[in-house]
Amino acid sequence: MSKENKIDTVFKRLRTENKTAFIPFISIGDPDIETSLEIAKTLVKNGADIIELGFPFSDPMADGKVIQKSYERALKRKISMKDAFNFIKKLKTYRDIPVILFTYYNPVFILGEKFAEGAQSAGIDGILAVDLPPEESAELTKYIQDKNIYQIYLLAPTTGNERMKDILSCAKGFVYYVSVTGVTGARKNLPETIRTKVKEIKKISSIPVGVGFGISSKEQAKDIGKSADAVIIGSKIIQFIEDNINDKPAMLRKIAEFSSGIKSSL
Amino acid sequence: MQLPDKKGHFGEYGGRYISETLMPAVIELELFYKKIKNDKEFIKEFNYYLKNYVGRPSPLYFAKRLSDVYKSDIYLKREDLNHTGAHKINNTIGQALLAVKMGKKRIIAETGAGQHGVATATVCALFDLECEVFMGKKDVERQKQNVFRMELLGAKVNPVESGSQTLKDAMNEALRDWITNIKTTYYMIGTVAGPHPYPLIVRDFQSVIGKEVLKQLKKLPDILIACVGGGSNALGLFYPFFKYYQVDMYGVEAGGCGIETGMHAASISGGAPGVLHGNKTYLLQDEFGRIADAHSIAAGLDYPGIGPEHSYFADKKRIIFDSVTDEEAVTAFQKLCRLEGIIPALESSHAVAYLEKIKKEIKGKTVVINLSGRGDKDMHTISDYLASNTLKK
Ligand SMILES: Cc1ncc(COP(=O)(O)O)c(C=O)c1O
């Protein structure tokens, strides 16, 4: 029997504790590999239950300004998928936290089976390819299905009911509900509809629901945490990197404070 | 077999590689288009505007002096004589009618050289639609005149400062806008690329070019030549001829400074399969799958990808792909000016330049070149190029 996927383990545990998972997102290599590893460790130490790591891409079509700039900073040095795998290995020896690789499909596609092998040996638990809807994912599924790596699917405010059912029927680990109609980026106000949408999803499936895109404060996290199983925060954390680019200790301190603040609200 | 298949695939290429937020809109467009494309009223309306507004059919001109040089019968399909000066308007008329019928009031588009931007701004004025065009900041600077044209036509031009600040980044930004304003907005893609059904829609609207050639020539040509950026003018000419196996087709990509220099825009001659902007196709990219910057003197060819149907037919060798350099294109540009009194677009000059490369094969043959646009927009580029080249010599 294969081992249980760590994403499942975390959600099971949190469910018994009646808690919501905190999933922070940062890009690998922003502002450089070493610092981003320290940031990842800081997040793990300060409440992250699962971590989402972005593989920097030249054309991040679904991302807002903050993540675009983060990728641009990371891309100043060429980062290969191998570097990303090494990064994840190092993080995993620090703490065995579930890791989701967040990427656009092309860097994965060109490696094909080699990607899956590398991902498995690095210990990646899930992969979220933003531009790879279920309709096109057969190729990737073929490579990862026997490796205990989940493909994480997205649902959006525009996703209709029938389509939602189809996606949920193949979802594994958790389903990622995109809370706003738009690109990534912190927002002061989030749509009122999030809670009803999460409830709709839960009526169809028992799979955990993570909500992300736009979340930037403890209050929002707390509110969303009432209905969702996970809260995903990216741009707000990455903004701390951008704002403190020349002051690493301050950068890490602010990220630690923010992170533990979020975790305590869930 | 009908291509694309139900999921929008041309063999292994094409498809729909987009974020979930966009999926429902693209499916809606597919269903809507399927319903309307054979609708008599829709076809009548499309043809009405092609005839009375665009000025179709465009002439198929026998280029006598050029033919003498190459000892063959060379015909130019004069898309340069269309309203707005290029083939791009065929597609934007069709898509604007679609958008109106879908009840969309706001149109967005990406543009490189500005030709598709101008064609989009034009139809938006015609059909009273709000229009925003995304254009790389570098292109805004290179193509000031087209920016001004778009603004005169009532469009808002948004310079894109991210990435390489060229066409691919303009397309990224257009997609970001579309994700944000999906409910109200129609995305008017300018070539046979993007997620399904765009490659199909744009091909259908552009194939008026090839259909007219079939009628005008009254016999089958031996050879078709077209330049290829995304591939819409080429597919427009080629598509009605695919079933005639005796007709050879050449797609001419932008070789820039030469494929070996890495500074080019030839996705098939110098790229590899990958996924970008909603489809799987040949792309310029590095070994890590990151998209490379393209280079061509012709801004309209300056894109690191190509439509998926071309990738399919390239593998099948039904279309032969090759490239010509900036220099070869400029030489052909000058040749056409002097021999025929026609100033072609730099993009189209690539197709003309290819005659030189296959001059042995074309002797005694009938050749049709798609003259996809006129060169008015390129005056600055040409004069700068010629000036810097005399300096070098
Ligand atoms: C005159 C002309 N020809 C060709 C192209 C290239 O596009 P495509 O390959 O889609 O025909 C352009 C694009 O701007 C153009 O303006």
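Each chain gets a letter, A, B and so on, in the order its sequence line appears, and its residues count up from 1. Side chains are part of it too, since the values below use all heavy atoms of this structure and drop only hydrogens, waters and symmetry mates.
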Residues Glu162(A) and Lys165(A) bridged, charged N to O under 4.0 Å: yes
- request: Give, as side chain, backbone, both or neither, the part of His9(B) having an atom under 4.5 angstrom from any heavy atom of chain A.
  value: side chain
task: Could you look at Leu276(B) and say if it's the side chain, the backbone, both or neither that has a heavy atom under 4.5 Å from chain A?
output: side chain
Side chain / backbone / both / neither for [X] at chain B, heavy atoms under 4.5 Å:
| X | answer |
| --- | --- |
| Phe55(A) | side chain |
| Leu111(A) | neither |
| Glu135(A) | both |
| Lys65(A) | side chain |

- request: Output the option from Leu283(B), Leu175(B), Thr21(B) having the highest count of non-hydrogen pairs under 4.5 Å with chain A.
  value: Thr21(B)
message: Taking every non-hydrogen pair under 4.5 Å, which of Ile182(B), Asn181(B), Ile179(B) racks up the most with chain A?
response: Ile179(B)
message: Angle between ring planes, Phe11(A) versus Phe174(A), binned at 30° and 60°: parallel, tilted or perpendicular?
response: tilted
- prompt: Would you say the side chains of Asp169(B) and Ser164(B) form a donor-acceptor pair under 3.5 Å?
  reply: yes
message: Within the 3.5 Å criterion, strictly below it, is a donor on Thr185(B) or Arg106(B) matched to an acceptor on the partner's side chain?
response: yes
- prompt: Do Ile108(B) and Met188(B) come close enough that some side-chain heavy atom pair is under 4.5 Å?
  reply: no
field: Side chain to side chain, Lys199(A) and Lys202(A), heavy atoms closer than 4.5 Å
entry: no
